[in-house]
Structures are given as C-alpha cells and as structure tokens.
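Have a look at the structure below, then the notes.
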Amino acid sequence: MTQAAVPKAPNFIRQLVAEDTRTGRFGHRVVTRFPPEPNGYLHIGHAKAICLDFGIAQEFGGRCHLRFDDTNPTKESQEYVDSIKGDVRWLGFDWGEHLYYASDYFEQLYTWAVQLINGGQAYVDDLTPEQLREYRGTLTEPGRESPCRTRSIEENLDLFGRMRAGEFDEGTRTLRAKIDMASGNLNLRDPVMYRIRKATHHRTGDTWCIYPTYDWAHGQSDSIEGVTHSLCTLEYEDHRPLYDWFLDQLGIHHPQQIEFARLSLSHTVMSKRKLLELVEGGLVSGWDDPRMPTLAGLRRRGYTPEAIRDFAERIGVAKADNLVDIAHLEHCLREDLNRRTPRVMAVLRPLKLVIENYREGQVEEVEAVNNPEDPAMGTRRVPFSRVLWIEQDDFRETPPPKYFRLSPDAEVRLRYAYIVKCTGVVKDPRTGEVTEVRCSYDPTSRGGDAQGRKVKGTIHWVSAPHALEAEVRLYDHLFSVPKPDEAEDWTSVLNPHSLTVLTGCRLEPSLKAATPGSRYQFERQGYFSVDSVDSSPSRLVFSRAVGLRDTWAKIEKGGR
RNA sequence: UGGGGCGUGGCCAAGCGGCAAGGCGCGGGACUUUGGAUCCCGUAUUCGGGGGUUCGAAUCCUCCCGCCCCAACCA
C-alpha cells in the first residue's frame, strides 16, 4: 500500500498502543476494528477513523476488523452495507477474513442477557418510553427506580423469554441493566439492553423481534472479536464505564476503549441526518454528488484514496474539538494529482482567435509535454491551425495592470506553439461584445521560443477544427460559510454557485479516448476527471476536482 | 446546580520540568513556455487567566474563565 512520504506524527493513541505493546498488556497483539452502522454512506470523517483503525493495526503488525453494528433494523439496509464495504476497499484497506456483524452475535448476546438476569443484574421493565424518560431524572436530579426493578428472577426470565417469543407489542417492555438510578452518569441509570422491534432485519430477517441496543451490543462485540484497542469518538467517553460494567459482570475479555475527536470540515456538513436530508430533499443529486463530503462523492469528484489518506495523516488525531479548513483537503489532492496526472489543454469558455498570417488550411503538430513533473510520461502531438479557441479570460480589451495575457497590440505565447501579437478584434455590432480576436504570429517562434524577447504570458489553446466538445462541471464548496452548522437555517447557507455547468467547452483531440474516472490537469485551470456516471464517448462530461492555485486571481482581487 | 471531556499562532497539531516541531493558510522573494509546480524567507518572547512549587513550567499544584458531549426503547 502506498504510504505518505511524511513521517508518522506522534499522537496519543499511537503512544498508548505502543505502550501496551511494549508491556505486553494484550500479549503483544493489536486488534482494532472499524464499526459502522449500515444506515448511511461513509464520509470524510469516517475516512479519518478508518485510516486510524486500519493504520494503527498495520503499524503494530496487528489486524483490523470491519464490523457492522447492525442492531437497529429500522434504519439499516444492505445497500449501505455494500457501499461501505466498497468505500473502505477503495480507500485502500483490507479486512481480510475479518468481516463481522453485530447481528452474528445476537444469540450470544441473548445468552449473556439471561446470565445477567440470573445474576440479578438485569430486569424486564414495563415502563413506557415516556415513563422511562420521567424515571430517568435529569442532569442534576437523580432518577427513580422502576416498580419493576424488584421483580423476581423467575418472573424476569419468563417475561424476557416471552419478549423474544413475540408476545408483547413494541414499546411495552424492555430489558434493563440494574445499575444505579442515582448515578451522575446517565448511562448508568439502568440502561435499556433490549427493546421490542417487530421489524425485518436485513440479515436476520424475522428471526428476532427483540434487538439489543448499541450500548449492550458494542462492548461485547469487541470482546468476542478479541479487540485490544477499541477506538471511537469523544461522545462515547461517557459510555465507557457502562461497557466496562457489562464486561466485568460477564467476566469476559476487556478491550481498551480510547476516544478521539471526530473530524469537522469547513464549508460542509457531516451529520448523517443532514447528509440524508440533502439527498432526499434533492438539494444534491445523490450520495455520490461530487459536492458531497461522502467518499462516494469525493471519488466521483476525482479525489484519490492517496490524497484522502494523506489528509487523514496530516490533520492528526487529538481530543480537542476541531474544524479543519477544507483548503487543507484540497491541498492534499493537488499535491497528489500534480505528480500523477497528465496535462492537457482545454478551453472552458471559448473565444475565437484567428491568426491572420497563418495559411488557411495549414495544420502543424506541436509537441507537448505530458507531465513536467514526470518525464517518463512522455510527450504527445497536438494539432495547430489558423483558427483557435482561447479562454475568454485570456483576452482583455482594456487590460488591468500586470495583465500578462492578450490585449490589443500585446504579445503572448501560445503554449508549445507560437508567439502571437494581437492585431484587432471583431465585435458584435449589436452588443459590442468581442466575438473574435485577430492576431499575427511569428513563424520563427515555433515551439514557443521567445528568442530573448520578454513574453511574460503563456496561454493555452485548442485548434478549432480539431476540437472535441464537452460539458464541464465546475464544483465549489457546498456551503458558502465555513460553519453551516452554526447558521440559523443550515440549508439557507448552501452555496448557490456550488455547481456551474459549462457546455460547448473545447478540448484537444487527445482526450477522445478519455475513460470514465480518469483524471487530467487542464493546464492553467485545475484537475478534472471524466464523470463516471454521465460521461460517454459521444458526450464527454468532466468534473473539476479542484482548481489550480490561482495567483493572478489573487492579484486582481487584491489590486483593485 | 450532576457526570464526562477539552483549551498551544487564522486553522490543524507536536510538546510529557530545561527554555514553543511540523503542516494548511497568509505575506514577500527566486525560478518558470502552466501567473502551475519547485525553492527560499517571514508569520506565538508565548502556550485560556490568576496564584503557587522550582534555579527553571506550555509541561507539576491550585483557583477561576470559556467551549463541547450526556436526560433516544439511535448509534
């Protein structure tokens, strides 16, 4: 597997695991797991966790399991299971034989529940959800014990068996752990272990009508799998005492849970609820909309697994709440794509350029470098002729200061071809808009050789008669503010310009064979990938993964 | 007013009693047939604040302040 060149930064988790490995606390073994609930698509925040879980195991010669925590049949589905497996694999990780489901442990969990009942540590409660809430107390007031708390073991056994048999309706009874209704930690106020759900589970079907809660299933699942280090996010810190309590009562293997801060990214949202809302509300085209922070979306956008792994490593792991600038993610993508992507010329907003002294009908082929960062990628030949397409932005009738591109009487280099001088423009008589730029070329400057002259600007072009047409989708941040979660109404702060569709874009002919998913650098513009869903040989569609750093845009913006 | 966490430059983040790594961003410069890439240089006398311990503290003690999480039969 490709590893980032940057040395692994120290973090508290690596240190703890290293210490346990050194002391042999778990027999020098390291077993971790990534435990998603199959109720949504994975996003960049999960990528951080995946890289951590699999990364730590890899580093210490251990293994990492993929386990689906599928304890809530009403929210989960096979579609999510499949997408999650695909995403983890795509990210570059392999769980080998170690694919598990919490639902595989339902019978064992049931047996253990009976064991706790027999030990007087669990009881069947008849309280309704509303009553349960009342009895739980508040943050500052202790809860009250349920009248059912003193039921006999025999009665509990009987009732629990009948719960399983389907004798009771949903919401009428639960199995609760008997811990401490006065605990300052609400998780210890007799938490629910089983609830009745007459729902079909995506794996166990209708075998069960009672389902373990996450709290009752998670710790034991880790224990069954022999997990040594159970990494999870901060909000589970309060649950650790509960997991420890269960494990102690059962007297089974005790993993070490370690909590870290989840990732927050600027200009996007990460909660499954909001992501689902974007999808179902049609605010985006789907889970794989290139603007989504989902792995499916990032992949379609043109992100590479390497860039995401590098990002995960660079942002580090700690316990402080954080908000990572999305520019950091974009930087990692540029760095990766810069060295692996072939360069190509594409004109997004075409403006006709006619070379008056270039013979009509003549065609030359100029040689272009495929990737200056990697000579091994070779060169290609690009057709050149009298009529070209250039970028509208590369011509200004009245150029601002420090404008190096084309303007009346100015000279510019056509990349890999000739140096041309602007001799005039043709305007639409009605609108005054420039519809065509005229110029003359210097035949001695073939290849772009300035021969000592100072030609500061170099622009890209595409020969008009040879050009391929394509649709290009320009993506920008999904939200126009860094912290959409803090807005009064988060959907009101969606970026109205997050997608700009350009049609009639002109590409150099070498792109004819571009295959779905392949990535290119459109010179001077950015990194683009062939859309894996909508592109076809007869209708090319490109997505901009990320723009190139644009110094001129900065100058022009600040200079005004 | 309960319990659990966290506070190091604009954003991440090292640091673990010996005198503030690194990355992103930002600013400046060099170079350049991508205003790309690359390369330099700059960017916290200070670590939420006050006391204290110590020859010496971001690192130990203490008080205070601020932020986050917990009252689903969600995970």
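Hydrogens, waters and symmetry mates play no part in the numbers below; they use all other heavy atoms, side chains included. In what follows, chains carry the letters A, B, and so on, assigned in the order in which the sequence lines appear, proteins first and then strands, with residues in each chain numbered from 1.
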### Query
Which stems, defined as runs of 3 or more consecutive Watson-Crick or G-U wobble pairs with both pairing distances under 3.5 Å, involve RNA chain B?
B:2-7 with B:65-70, B:10-12 with B:22-24, B:25-30 with B:38-43, B:48-52 with B:60-64

## Note on the structure
For residues 178-200 of chain A, the salt bridge (charged side-chain N to carboxylate O under 4.0 Å, His left out) pairs (sequence neighbours left out) are A/Arg149-A/Asp190

### Query
Considering only the C1' atoms, how many Å lie between B/A57 and B/G52, rounded to the nearest integer?
12 Å

### Query
Who are the side-chain contact (heavy atoms from CB on, under 4.5 Å) partners of A/Glu134, not counting sequence neighbours?
none

### Task
Return the value, rounded to whole Å, for the distance between atom CG of A/Leu323 and atom P of B/A13.
11 Å

### Task
Could you check how far CG of A/Leu139 sits from P of B/C70, rounded to whole Å?
10 Å

### With sequence neighbours excluded, residues passing side chain to side chain donor-acceptor pair (under 3.5 Å) with A/Thr172
none

### Task
Indicate, yes or no, whether a donor-acceptor pair under 3.5 Å links the base of B/C16 to the side chain of A/Gln15.
yes

### Query
At under 4.0 Å, does any side-chain N or O of A/Arg136 touch on OP1 or OP2 of B/A72?
yes

## Note on the structure
Atom OH of A/Tyr214 and atom C1' of B/C70 are separated, to the nearest Å, by 15 Å

### Task
Please state whether the phosphate of B/A72, meaning OP1 or OP2, lies under 4.0 angstrom from any side-chain nitrogen or oxygen of A/Arg189.
no

### Message
Considering only residues two or more places apart or on different chains, which pairs with a residue in residues 317-327 of chain A satisfy side-chain hydrogen bond (donor to acceptor under 3.5 Å, both in side chains)?
### Response
A/Glu237-A/Lys319

### Message
I'd like to know if A/Asp393 pairs up with A/Arg349 as an ion pair, taking the criterion as any Lys NZ or Arg NE/NH1/NH2 lying under 4.0 Å from an Asp or Glu carboxylate oxygen.
### Response
no

### Query
Rounded to whole angstroms, how far apart are CG on A/Asn187 and C1' on B/A75?
12 Å

### Residues forming a side-chain contact (heavy atoms from CB on, under 4.5 Å) with A/Lys272, sequence neighbours excluded
A/Glu37, A/Asn39, A/His46

### Pairing residues for A/Ser529 by the side-chain contact (heavy atoms from CB on, under 4.5 Å) criterion, not counting sequence neighbours
A/Arg519, A/Ser543

### Summary
Its contact letters, B for base, S for sugar-phosphate only and - for none at protein heavy atoms under 4.0 Å, make nucleotides 3-10 of chain B read BSSSS---

### Query
Can you list, by residue number, the residues of residues 375-384 of chain A that have a non-hydrogen atom closer than 4.0 angstrom to RNA chain B?
none

### Task
Specify the separation, in whole Å, of atom CD of A/Glu134 and atom P of B/C73.
13 Å

Could I get a table of every N or O pair under 3.5 Å where one atom is in the protein and the other is in nucleotides 27-30 of chain B?
none

### Query
Tell me: NE2 of A/His239 to C1' of B/A72, nearest whole Å?
11 Å

### Query
What residues, two or more places apart in sequence or in another chain, satisfy side chain to side chain donor-acceptor pair (under 3.5 Å) together with A/His477?
A/Glu330

What's touching nucleotides 34-38 of chain B from the protein side, N or O pairs under 3.5 Å?
unit_1	atom_1	unit_2	atom_2	d
B/U34	O4'	A/Glu523	OE1	3.4
B/U34	O2	A/Gln521	OE1	2.9
B/U34	O2	A/Arg524	N	2.8
B/U34	N3	A/Gln521	OE1	2.6
B/U34	O4	A/Arg343	NH1	2.4
B/G35	OP1	A/Arg524	NH1	3.0
B/G35	O2'	A/Thr551	OG1	3.2
B/G35	O2'	A/Trp552	N	3.4
B/G35	N7	A/Arg405	NH1	2.5
B/G35	O6	A/Phe404	N	2.9
B/G35	N1	A/Lys402	O	2.7
B/G35	N2	A/Lys402	O	3.2
B/G36	OP1	A/Thr551	OG1	2.3
B/G36	N2	A/Glu373	OE2	2.8
B/A37	OP1	A/Arg549	NH1	2.4
B/A37	O2'	A/Asn338	ND2	3.2
B/A37	O2'	A/Glu373	OE1	3.2
B/A37	O2'	A/Glu373	OE2	3.0

